[in-house]
J.: 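Quick one: structure below, then a few questions.
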Amino acid sequence: MDASSAGSCQGVCFPKVDLSTHPCYSRAAHFRFGRIHVPVAPRCNIQCNYCFRRYACPNENRPGVTMRVVTPDEALHTVRHAITHDPRLRVLGVAGPGDALANQATLTTFERARAEFPHLIRCLSTNGLLLPDQIDAIERAGITTLTITINAVDPAIGEQIYAHVRYRGKTYREREASTLLLHNQLIGLREAALRGIVVKVNSVLIPGINDHHLIDVACVVKDHGASIMNIIPLIPLAKFAHLPEPSPELLNRVRDECATVIEQFRHCQRCRADAIGVPGEEGCGTGERVCIPRFLAQQKEHTHAVQVQSDPA
């Protein structure tokens with residue numbers, strides 16, 4: 001199916017999950033329930049011009065950052081420990097520090113967690129490049145909420161955002177890269193929605209590049225089955241370090257405009273790849289029952305920041 005020809009959802013697409021306890025999809029749940037992100041995914045298959053991924057970083061609260069990468073065994077050990085300390089934890093997520101679907105450890109973790117922690121919502125964040133290839137495996141792993149980062153639906157704008165895309169052993173650049181990425185994102189979004197997976201689209205608001213374009217993104221992703229949109233203000237880093245961070249007025253204006261098309265999530269904390277607990281809190285639990293996950297507790301063993309792996313371009 002060609003992504004450009006896909007229309008609104010045909011038939012009935014029943015969501016597979018109650019979102020009332022998902023703090024990244026429900027405003028009401030955001031300050032009441034917690035999530036645990038397990039950083040099992042170091043590799044990434046695209047390079048965004050705003051992205052700088054780091055290990056062993058205790059001080060930055062943003063996507064792409066973790067104290068260290070863990071194995072599925074370590075991830076599940078941490079989940080076991082965390083849920084005994086805090087009954088508010090309702091979501092198990094993988095959000096990097098690279099792309100979740102570019103790492104086999106992601107699906108291995110979810111497959112094992114499905115049997116051991118059936119009460120946890122399984123949530124995956126991805127750039128969407130591998131969604132058409134892995135949608136069957138995603139469904140088998142019991143993933144019911146999916147976040148796709150889609151920053152443009154016009155390849156001419158997308159090529160300003162992405163330095164390269166690595167797909168099936170080949171590196172793509174410029175317009176070819178952004179066209180391929182968009183095609184796979186929309187095909188994957190459509191297929192996930194048809195299978196009853198609830199899809200949230202994240203879009204980074206980049207002044208001077210896509211600030212006037214996100215209304216188009218909202219229309220297209222809504223038409224392909226997305227349920228909610230999360231517009232995230234740019235953190236000026238990497239090749240976009242020279243750009244201004246969006247003002248609160250610009251952010252609110254763009255969110256309000258897009259809200260006429262699709263529901264907006266306005267409480268995003270720009271979580272780390274190893275975030276844990278109720279958004280805005282450190283760790284999980286309260287009082288003497290505070291829990292720090294293993295990959296944060298081992299901070300002393302990893303005192304310098306290094307860049308996360310990218311596929312060779």
Side-chain angles (χ1 to χ4, degrees), residues 1-6 41-55 62-65 69 95-104 106 124-135 146-192 201-214 216-217 220-221 224 231-246 273 306-313:
M1 178 175 60
D2 180 18
S4 62
S5 65
R43 294 179 63 83
C44 197
N45 45 19
I46 73 173
Q47 180 59 58
C48 303
N49 287 330
Y50 55 75
C51 185
F52 180 58
R53 299 178 297 276
R54 301 213 295 181
Y55 292 156
R62 62 173 176 83
V65 167
V69 172
D99 182 71
L101 292 180
N103 298 265
Q104 179 56 44
T106 296
L124 182 148
S125 296
T126 178
N127 58 44
L129 180 64
L130 291 178
L131 267 179
D133 298 351
Q134 298 198 26
I135 190 64
L146 178 68
T147 295
I148 312 170
T149 299
I150 302 178
N151 297 314
V153 292
D154 178 349
I157 296 175
E159 70 176 324
Q160 300 175 59
I161 301 173
Y162 306 106
H164 69 259
V165 166
R166 182 78 173 169
Y167 184 62
R168 296 184 178 177
K170 181 178 178 181
T171 298
Y172 300 83
R173 301 181 189 278
E174 300 177 342
R175 187 70 57 88
E176 191 177 24
S178 60
T179 299
L180 170 63
L181 177 61
L182 176 62
H183 177 270
N184 285 12
Q185 288 173 331
L186 295 184
I187 291 291
L189 165 55
R190 171 77 172 150
E191 185 59 33
V201 166
N202 281 358
S203 298
V204 178
L205 173 59
I206 309 169
I209 294 181
N210 71 353
D211 47 334
H212 295 290
H213 177 60
L214 290 186
D216 298 327
V217 175
V220 171
V221 301
H224 282 73
I231 297 175
I232 304 171
L234 173 74
I235 300 175
L237 291 169
K239 290 185 178 180
F240 284 169
H242 65 288
L243 293 180
E245 187 168 356
V306 295
Q307 189 168 0
V308 177
Q309 308 165 44
S310 292
D311 284 344

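Computed from a predicted structure; not experimentally measured.
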J.: Using the salt bridge (charged side-chain N to carboxylate O under 4.0 Å, His left out) rule, collect all pairs that involve residues 231-242, keeping only residues at least two apart or in two chains.
T.: none
J.: Without swapping roles, check the side chain of Thr147 against the backbone of Ser125 for a donor-acceptor pair under 3.5 Å.
T.: no
J.: Val217 and Ala152: which non-hydrogen atoms are nearest, and at how many Å?
T.: CG2-CA, 3.9 Å
J.: Tell me every residue that passes side-chain contact (heavy atoms from CB on, under 4.5 Å) with Val220, counting only those two or more places apart in sequence or in another chain.
T.: Val153, Leu186, His224
J.: So, does Thr106 use its side chain to make a donor-acceptor pair with the main chain of Ala100 at under 3.5 Å?
T.: yes
J.: Stepwise, does the side chain to side chain contact (heavy atoms under 4.5 Å, CB included) test hold for Ile161 with Tyr50?
T.: CA-CA 8 Å; Ile161 301 173; Tyr50 55 75; 3.9 Å; yes
J.: Show the nearest heavy-atom pair for residues Pro155 and Ser178, with the distance to one decimal.
T.: O-OG, 2.9 Å
J.: For a 4.5 angstrom cut-off between non-hydrogen side-chain atoms, does Ile209 reach Leu243?
T.: yes
J.: Could you tell me if the side chain of Thr171 sits less than 4.5 Å from the side chain of Val165, heavy atoms only?
T.: no
J.: For the SG atom of Cys48 and the CG atom of Leu237, what is their distance to the nearest 0.5 Å?
T.: 12.0 Å
J.: Donor-acceptor pair, Gln134 side chain versus Ala102 backbone, under 3.5 Å?
T.: no
J.: If I take atom CD1 from residue Ile206 and atom CD from residue Glu245, how far apart are they, to the nearest 0.5 angstrom?
T.: 12.5 Å
J.: Return each pair, listed once, that meets salt bridge (charged side-chain N to carboxylate O under 4.0 Å, His left out) where at least one residue sits in residues 176-187; pairs must be two or more places apart or across chains.
T.: none
J.: Shortest non-hydrogen contact from Ala238 to Cys51?
T.: CB-O, 3.6 Å
J.: Can a side-chain donor-acceptor contact be found between Asp99 and Asn127 if the only test is distance below 3.5 angstrom?
T.: yes
J.: Looking at Tyr167, is its backbone amide N or carbonyl O close enough to the side chain of Asn45 to form a donor-acceptor pair, meaning the two atoms are under 3.5 Å apart?
T.: no
J.: Would you check if the side chain of Ser203 reaches a backbone N or O of Ile231 as a donor-acceptor pair within less than 3.5 Å?
T.: no
J.: Are the side chains of Tyr162 and Asn151 in contact, using a 4.5 Å heavy-atom criterion?
T.: yes
J.: Could you tell me whether the side chain of Arg166 and the main chain of Gly169 form a donor-acceptor pair under 3.5 Å?
T.: yes
J.: What closest approach, in Å, do Thr149 and Gln185 show between heavy atoms, and which atom pair accounts for it?
T.: O-NE2, 3.0 Å
J.: Could you report the tightest heavy-atom contact between Gly98 and Cys44, atom names first, then the distance?
T.: CA-CB, 4.1 Å
J.: So with a 6.0 Å cut-off around CD of Glu174, is the heavy-atom count from everything else above 12?
T.: no
J.: Do any N or O atoms from the side chain of Asn184 and from the backbone of Leu131 form a donor-acceptor pair under 3.5 angstrom?
T.: no
J.: Side chains of Leu101 and Leu124: does their closest heavy-atom pair fall under 4.5 Å?
T.: yes
J.: Roughly how far apart are Asn202 CG and Ile150 CD1, rounded to 0.5 Å?
T.: 9.5 Å
J.: If you round to the nearest 0.5 Å, how far is NE2 of His164 from CD of Gln47?
T.: 6.0 Å
J.: With the side chain counted from C-beta on, respond yes when Ile235 and Phe240 share a heavy-atom pair under 4.5 Å apart, and no when they do not.
T.: no
J.: Just do the side chain to side chain contact (heavy atoms under 4.5 Å, CB included) check on Thr126 and Leu146 with the steps written out, would you?
T.: CA-CA 8 Å; Thr126 178; Leu146 178 68; 4.0 Å; yes
